[in-house]
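These notes are about the structure you will find just below.
Along the sequence shown, the residues carry numbers beginning at 1.
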Amino acid sequence: DEPKIDNSTQEPMNCTNHTAYVQCLPAPNITCRDHLGIEKVFTGHEVGFYKPIACRNVNGYSYKVAVALSLFLGWLGADRFYLGYPALGLLKFCTVGFCGIGSLIDFILISMQIVGPSDGSSYIIDYYGARLTRLSITNATFRKMQTYP
């Protein structure tokens with residue numbers, strides 16, 4: 001099944017530790033054997049297992065509002081005030097968006113989702129809409145050394 005989406009956060013319901021679980025219903029007449037060797041025939045109406053899906057931490061900052069503020073009121077620093085950066089917002093306000101150059105740079109950074117809310121949360125973006133996923137190298141991922149023949 002598709003996850004049930006919370007309208008206020010646009011994330012799956014019951015999201016804890018960046019994971020939500022979705023019910024998976026096996027097709028009718030599928031026979032599965034569990035780890036104890038017990039066979040079960042599914043009718044298509046009972047839950048076979050729960051599939052974990054990733055979800056994000058959101059705290060009420062809308063992506064659409066941030067981009068609109070950056071586009072129309074970025075020269076006043078409204079975008080930075082909205083995202084929780086009051087010092088940068090005041091600096092942009094006093095310098096009229098760094099003479100327009102800072103407003104253009106902030107618009108690009110916010111629209112590419114490089115600059116986000118100051119509390120480290122993610123933007124609220126439509127669940128089935130376009131969103132960026134940031135790739136990074138961590139302890140869980142690494143570069144494999146290339147071997148030559």
Side-chain angles (χ1 to χ4, degrees), residues 1-28 30 32-36 40 42-146:
D1 289 342
E2 291 291 322
K4 291 178 179 60
I5 306 301
D6 185 3
N7 286 332
S8 62
T9 62
Q10 288 296 309
E11 291 296 319
M13 297 272 202
N14 302 326
C15 177
T16 55
N17 295 330
H18 302 289
T19 306
Y21 294 93
V22 179
Q23 295 179 351
C24 290
L25 306 173
I30 296 292
C32 293
R33 183 177 296 151
D34 65 7
H35 65 284
L36 297 175
K40 181 175 182 179
F42 289 96
T43 62
H45 299 292
E46 63 266 353
V47 176
F49 60 94
Y50 290 91
K51 177 184 175 186
I53 59 170
C55 54
R56 301 170 313 131
N57 175 29
V58 294
N59 280 340
Y61 294 99
S62 172
Y63 174 70
K64 293 177 183 178
V65 171
V67 170
L69 284 173
S70 182
L71 181 63
F72 298 113
L73 297 173
W75 58 277
L76 291 174
D79 52 353
R80 290 297 186 149
F81 280 116
Y82 174 72
L83 292 175
Y85 301 100
L88 285 173
L90 186 62
L91 190 61
K92 279 179 71 175
F93 178 77
C94 292
T95 61
V96 188
F98 300 111
C99 298
I101 296 170
S103 299
L104 176 65
I105 291 171
D106 269 355
F107 175 71
I108 292 169
L109 293 177
I110 290 172
S111 62
M112 291 180 63
Q113 301 175 20
I114 294 172
V115 171
S118 64
D119 61 359
S121 63
S122 298
Y123 289 114
I124 295 175
I125 300 174
D126 294 336
Y127 184 76
Y128 295 106
R131 60 175 72 170
L132 295 177
T133 303
R134 200 170 283 145
L135 300 177
S136 62
I137 296 174
T138 63
N139 288 339
T141 61
F142 62 93
R143 294 183 184 176
K144 186 175 180 182
M145 297 300 295
Q146 198 170 22

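- Here CD of Gln23 is found 11.5 Å from CZ of Phe49. Values are rounded to the nearest 0.5 Å.
- Pairs of residues two or more places apart, or lying in two chains, that qualify as ring-ring contact (aromatic ring centres under 6.0 Å, His included) and include a residue from residues 104-124 are Tyr63-Tyr123.
- Every side chain to side chain contact (heavy atoms under 4.5 Å, CB included) that Tyr21 has, sequence neighbours left out, goes to Thr19, Tyr50, Pro52.
- Put simply, CH2 on Trp75 and CG on Leu73 are 7.5 Å apart, with the number rounded to the nearest 0.5 Å.
- The side chain to side chain donor-acceptor pair (under 3.5 Å) test applied to Ser121 returns Asp119, not counting sequence neighbours.
- For residues 78-119, no residue pair satisfies the disulfide bond (SG atoms under 2.5 Å apart) rule, not counting sequence neighbours.
- Here the side chains of Lys64 and Asp126 are in contact, with some heavy-atom distance below 4.5 Å.
- Taking 4.5 Å as the limit, every side-chain heavy atom of Arg33 sits out of range of all side-chain heavy atoms of Lys40.
- One distance of note links CG of Leu83 with CD1 of Ile110; it measures 5.0 Å at 0.5 Å rounding.
- The number of heavy atoms from other shown groups lying within 6.0 Å of CZ (Phe81) is above 12.
- Atom CG of Asn57 and atom CG of Asn17 lie 10.5 Å apart (nearest 0.5 Å).
- In the displayed structure, Ile101 atom CD1 is contacted under 6.0 Å by at most 12 heavy atoms of other residues, nucleotides or ligands.
- Between Pro12 and Ala20, the closest heavy-atom pair is CB-CB, 3.7 Å.
- With sequence neighbours excluded, the residues that form a side chain to side chain donor-acceptor pair (under 3.5 Å) with Glu11 are Arg56, Arg131.
- The shortest distance between side-chain heavy atoms of Cys24 and Val47 does not fall below 4.5 Å.
- Between Asp106 and Phe98 there is no side-chain heavy-atom pair separated by less than 4.5 Å.
- Two residues are said to be in side-chain contact when any heavy atoms from C-beta on lie closer than 4.5 Å; Lys92 and Ser103 meet this criterion.
- Between Arg80 and Leu90, the closest side-chain pair of non-hydrogen atoms is not below 4.5 Å.
- Of the N and O atoms on the side chains of Tyr127 and Glu2, not one donor lies less than 3.5 Å from an acceptor on the other residue.
- Checked against side chain to side chain donor-acceptor pair (under 3.5 Å), Ser8 has the following partners two or more places apart in sequence or in another chain: Asp6.
- Taken from CZ in Phe72 to CG in Asp79, the straight-line distance is 12.5 Å, to the nearest 0.5 Å.
- Atom CD of Gln10 and atom SG of Cys55 lie 13.5 Å apart (nearest 0.5 Å).
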